[in-house]
There are 2 protein chains.
Amino acid sequence: MTKELTERQKLLLTLIVHEHSRTALPVASNALVRQYSLPMSSATVRNEMTALTEMGYLRQPHTSAGRVPTEEGYRYLVSHLLNPTTLPATTRNTISHQFYQSPQGLDQWLPLAASVLASHSQAASIVTAPHSERATFKHLELIATRATQVLMVLVLVGGEIRQAFLSLDTPVSQEALSQVAARFNDLCRSATLETLDKLPVPSDSLDQQVLRAIRDQLSQVGKLVTGEVYLDGLTNVLAEPEFAEMDMARSALRVLEERPLLNDLISRTIMTEKVGGVQVLIGGEGTWEELRDCSVILTRYGVPDLLTGTLGVLGPMRISYGRTISTIRFVAGLLTDLVSQTMVD
Amino acid sequence: MTKELTERQKLLLTLIVHEHSRTALPVASNALVRQYSLPMSSATVRNEMTALTEMGYLRQPHTSAGRVPTEEGYRYLVSHLLNPTTLPATTRNTISHQFYQSPQGLDQWLPLAASVLASHSQAASIVTAPHSERATFKHLELIATRATQVLMVLVLVGGEIRQAFLSLDTPVSQEALSQVAARFNDLCRSATLETLDKLPVPSDSLDQQVLRAIRDQLSQVGKLVTGEVYLDGLTNVLAEPEFAEMDMARSALRVLEERPLLNDLISRTIMTEKVGGVQVLIGGEGTWEELRDCSVILTRYGVPDLLTGTLGVLGPMRISYGRTISTIRFVAGLLTDLVSQTMVD
DNA sequence: ATTAGCACTCTCATGCCGAGAGTGCTAATT
DNA sequence: AATTAGCACTCTCGGCATGAGAGTGCTAAT
């Protein structure tokens, strides 16, 4: 059913999408032939347009308006007509420079990635901090603060750092704490949650408490509930003409702001249109009422099974898929490099 | 010049502000007497209204509309007419419960604070992570990752944790690293940036590198450039009728999104109307073009000189100052408690 | 000092009109 | 059989007039 498109129809669909993405207006047959100096008349274009409309790829807002791509139209484009473009070398350089000139660690790179994505796609960007899917013990540190308060710092394989506070019954010296930590570091080398369960229950009360705390921390890893989501360019979305009526804009941005929704969106990494690992979610796909006029483009980065995060973009449905996908893929590549370089294993 | 207000005028100003805050519309003399069963006629109210208008506290959008408070009006209200209200006990309990039932540490509390502020004020909220103004060394940890890669974890007095990566020329064992760390922990106890400068330059190359890294980290503290700003409720702002024209909304939200602007806003903790430590910035105060129709209410929390952050709210100018200020003050109090309880000193 | 009453002003919703844009269809052309 | 010129038709959009309604300011009476 989808293979009925002639070459000319494919061309026209592409051009209409492109033009609509430029102007945000319905595309007229006349404007098309003029803009792209097509070797045919507007009447021919109109004929093809009716064909494409009947196939469900185009839509006209009202009887006497131009055509606008439908969700189906975009899907067809993304899955059949998108030639894998590469970013121009100069852009690539500009971007990578920004990353490599401030080699300060993840907490700098992630917001930077969000900012780069936002400015290059003129849309809202989403970047989540990388997490290890299986939490593995790397290093423990116990630091005395006040009499019975202990700061516990836990480093996981991958480099994730988690901290927690312990309240003891009786004061313990820093020396004693360091010894306990040293023992655990020895005992728990590369331990996962399962390994920990096999350890004998320690007799000492402090040891028990530490072990429990470690287990708590490990079990929390992977739950995306932490505040580690970087957003940027939210106001870009507001600038798009299709969000002139507030309600649209509001519901779109709500998706990014409300953690449950966002988590849902990210975790339900729907395989709608898969292009080299980049997921394209067009117009809410029926499930996402709030995203009716939006598209979300996501991909993963990092080292599979060890330390991975998600990054992507939310924009109007007429976002430039080609360019955006390339940008996302490129930034994801950069982050993957940086993560694997600085990863703790 | 400001003391000319009669008691009745004060009452009317208060009521007008209150009514306008409810409806977001110009307030009519008629509506006022009806709504509040005033013991006077609408004509009297009109007379007072013209008086207040001449004094610059009210404004009428056009000849035949009701009155709207001016910036000056709000300022007068905030600095003269706001009786220090307390939050109802039930709200206080609801809020504190949320904090104390998930005692997971700052990274949980800060987004929670942002969320609470946003939902209780129906505006956008801002919470910055607390920083120590003077960075003081507490504890150092060096962890071997790969051959020549070292993860450095630095704990500051106050509890702030900073991490960095060192690249060594030659591989060093974890044992050796631990010894180096132990030496520094001994040597740098409670050291500040100034104290560090007085230390003799170490002969060992590794020691040199570590010392440099510590100094780097310490000197970065206090710069608010880190990504540690929690925002919430941005879409609340979009819901307000005064932001029906996108541009207003956009420029308001841009202030929160663009770090330089936000930093500027927070650091220029302007003492416009100071109410028990809460700063009220009404209508951009001439300096902030983007905030012409907004008000920003901020306060600090934490332990002065040791670990302090900022929190507050951005909303439409007709935000309910009394309630919002109480809420902010209450949440700030909570955070202060939590911070000082878990602070590392 | 307050208030009733009234004239005056301004906004806002409504309906109407004409211009313009863009299509669909038919008939002519290649 | 595909393409195209030509034209009638439809729909949107901006401008304009109109009338109702809301709210004020002022004057005169209490």
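Every chain is numbered from 1 and lettered A, B, ... according to where its sequence line falls, protein lines coming before strand lines. Just so you know, these numbers use all the heavy atoms, side chains as well, and skip hydrogens, waters and symmetry mates.
Side chains of A:T85 and A:S326: a donor on one and an acceptor on the other come within 3.5 Å. Donor-acceptor pairing under 3.5 Å is recorded for the side chains of B:T53 and B:R67. With no hydrogens or angles considered, no side-chain donor-acceptor pair links A:S320 and A:S21 at under 3.5 Å.
Between B:L231 and B:I126, some side-chain heavy-atom pair lies under the 4.5 Å cut-off. Between B:L5 and B:Y57, the closest side-chain pair of non-hydrogen atoms falls below 4.5 Å. Between B:M49 and B:I16, some side-chain heavy-atom pair lies under the 4.5 Å cut-off.
Judged as a side-chain contact (heavy atoms from CB on, under 4.5 Å), and not counting sequence neighbours, the contacts of B:E242 are B:A24, B:E240, B:P316, B:R318. With sequence neighbours excluded, the residues forming a salt bridge (Lys or Arg N to Asp or Glu O under 4.0 Å) with A:E48 are A:R8, listed by chain and number. In this structure A:R59 satisfies the salt bridge (Lys or Arg N to Asp or Glu O under 4.0 Å) test with no other residue, sequence neighbours excluded. Under the salt bridge (Lys or Arg N to Asp or Glu O under 4.0 Å) criterion, A:E289 pairs with A:R292, sequence neighbours left out. A search for side-chain contact (heavy atoms from CB on, under 4.5 Å) contacts involving B:S41 returns B:A43, B:T44, not counting sequence neighbours. A:T63 is linked by a side-chain contact (heavy atoms from CB on, under 4.5 Å) to nothing, counting only residues two or more places apart in sequence or in another chain.
Near DNA chain C, defined here as any heavy-atom distance below 4.0 Å, there are no residues from residues 18-30 of chain B. In the region residues 58-67 of chain B, proximity to DNA chain C at under 4.0 angstrom, judged on heavy atoms, holds for B:H62, B:T63, B:S64.
In this structure, the side chain of A:N236 engages the main chain of A:A118 through a donor-acceptor pair within 3.5 Å.
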Using atom names, set out every protein N or O paired with an N or O of nucleotides 1-3 of chain C below 3.5 Å, distance rounded to 0.1 Å.
residue : atom : partner : partner atom : Å
C:dT2   : OP1  : B:R8    : NH1          : 3.1
C:dT2   : OP2  : B:R8    : NH2          : 3.1
C:dT3   : OP2  : B:S41   : N            : 3.1
C:dT3   : OP2  : B:T44   : OG1          : 2.3

Can you give the dot-bracket line for DNA chain D, using ( ) for pairs inside the strand, [ ] for pairs that cross earlier ones, | for pairs with another strand and . for unpaired bases, where Watson-Crick and G-U count if both distances are under 3.5 Å? ||||||||||||||||||||||||||||||
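Counting 5' to 3', DNA chain D first comes under 4.0 angstrom of a heavy atom of chain B and last does so at the ends given by D:dA22 to D:dG25.
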Could you tabulate the donor-acceptor pairs under 3.5 Å formed by side-chain atoms of residues 26-38 of chain A, not counting sequence neighbours?
residue : atom : partner : partner atom : Å
A:S29   : OG   : A:R46   : NH1          : 3.2
A:Y36   : OH   : A:H18   : ND1          : 2.7
A:Y36   : OH   : A:E19   : OE1          : 2.8

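Scanning all heavy atoms of the two residues, the minimum distance from B:A239 to A:R250 falls at CB-NH1, 3.3 Å.
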